[in-house]
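Here the structure is laid out as structure tokens; the discussion comes afterwards.
When a residue number appears, it is its place in the shown sequence, counting from 1.
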Amino acid sequence: METILESVRQKLPQLRGLNAVVAFDCGEDGQIVVDATGPEPEISDDDINDADCILKIKKANLEKLIAGKLDPMLAFTMGKLKIKGSMGVAAKLSSMLD
């Protein structure tokens, strides 16, 4: 998860204006919570259940998603990505990471 965490840190500037808390839940592999409610998005230690949108995804698929090798919409339709919470935030997140 450390390499994924570093990749997420590099993408943080792209999330300015998201105005939401997003969590990536990789099950037993761990989770990452991103707080993009302030002027500068940051990795947060908030509880995953406080997130506006939780993206449940396997670690390997999250790596592909962040690297741009897995389309978020395709992952969702194929069941590789499950979304709990705001679909609007998930859609906005998807467009910001392109």
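The side-chain contact (heavy atoms from CB on, under 4.5 Å) with Pro41 is formed by just one residue from the set Val22, Leu15, Val21; it is Leu15.
Proximity of Glu2 to Leu5: side-chain heavy atoms (C-beta onward) are separated by under 4.5 Å at one or more points.
Cluster membership check: Ile32 shares its hydrophobic cluster with Leu93, using side-chain heavy-atom separations under 4.5 Å among Ile, Leu, Val, Met, Phe, Trp and Tyr. Note: the hydrophobic cluster containing Ile48 does not contain Ile43 (ILVMFWY, side chain heavy atoms under 4.5 Å, direct or indirect links). Met96 is connected to Val34 through a chain of hydrophobic side-chain contacts under 4.5 Å among Ile, Leu, Val, Met, Phe, Trp and Tyr, so both are in one cluster. A continuous path of hydrophobic side-chain contacts links Met87 to Leu65 [ILVMFWY only; heavy atoms under 4.5 Å]. Linking Ile, Leu, Val, Met, Phe, Trp and Tyr whenever their side-chain heavy atoms come within less than 4.5 Å puts Ile57 and Leu18 in one cluster.
For Lys58, the side chain to side chain contact (heavy atoms under 4.5 Å, CB included) partners are Asn61, not counting sequence neighbours.
Heavy atoms only, all atoms of each residue included: Ile83 and Phe76 are closest at CD1-CD1, 3.8 Å. Smallest separation of non-hydrogen atoms from Ile4 and Lys59: CD1-CG, 3.4 Å. In terms of heavy-atom proximity, Pro13 sits nearest to Arg9 at CD-O, 4.0 Å. When all heavy atoms of Gly38 and Asp35 are compared, the pair lying nearest together is N-OD1, 4.4 Å.
Using a distance-only test at 3.5 Å, with no hydrogens or angles considered, a donor-acceptor pair links the side chain of Lys92 to the main chain of Gly17. Here the side chain of Ser94 pairs no donor or acceptor atom with the backbone of Ala90 at under 3.5 angstrom.
Going from atom CD of Gln31 over to atom CG of Asp45 covers 11.0 Å, rounded to the nearest 0.5 Å. Interatomic distance, Met1 CE to Leu62 CG, rounded to the nearest 0.5 Å: 6.5 Å. Atom CD1 in Ile54 sits 5.5 Å away from atom CG in Asn49 (nearest 0.5 Å). To the nearest 0.5 Å, atoms CZ (Phe24) and CG (Asp29) are separated by 15.0 Å.
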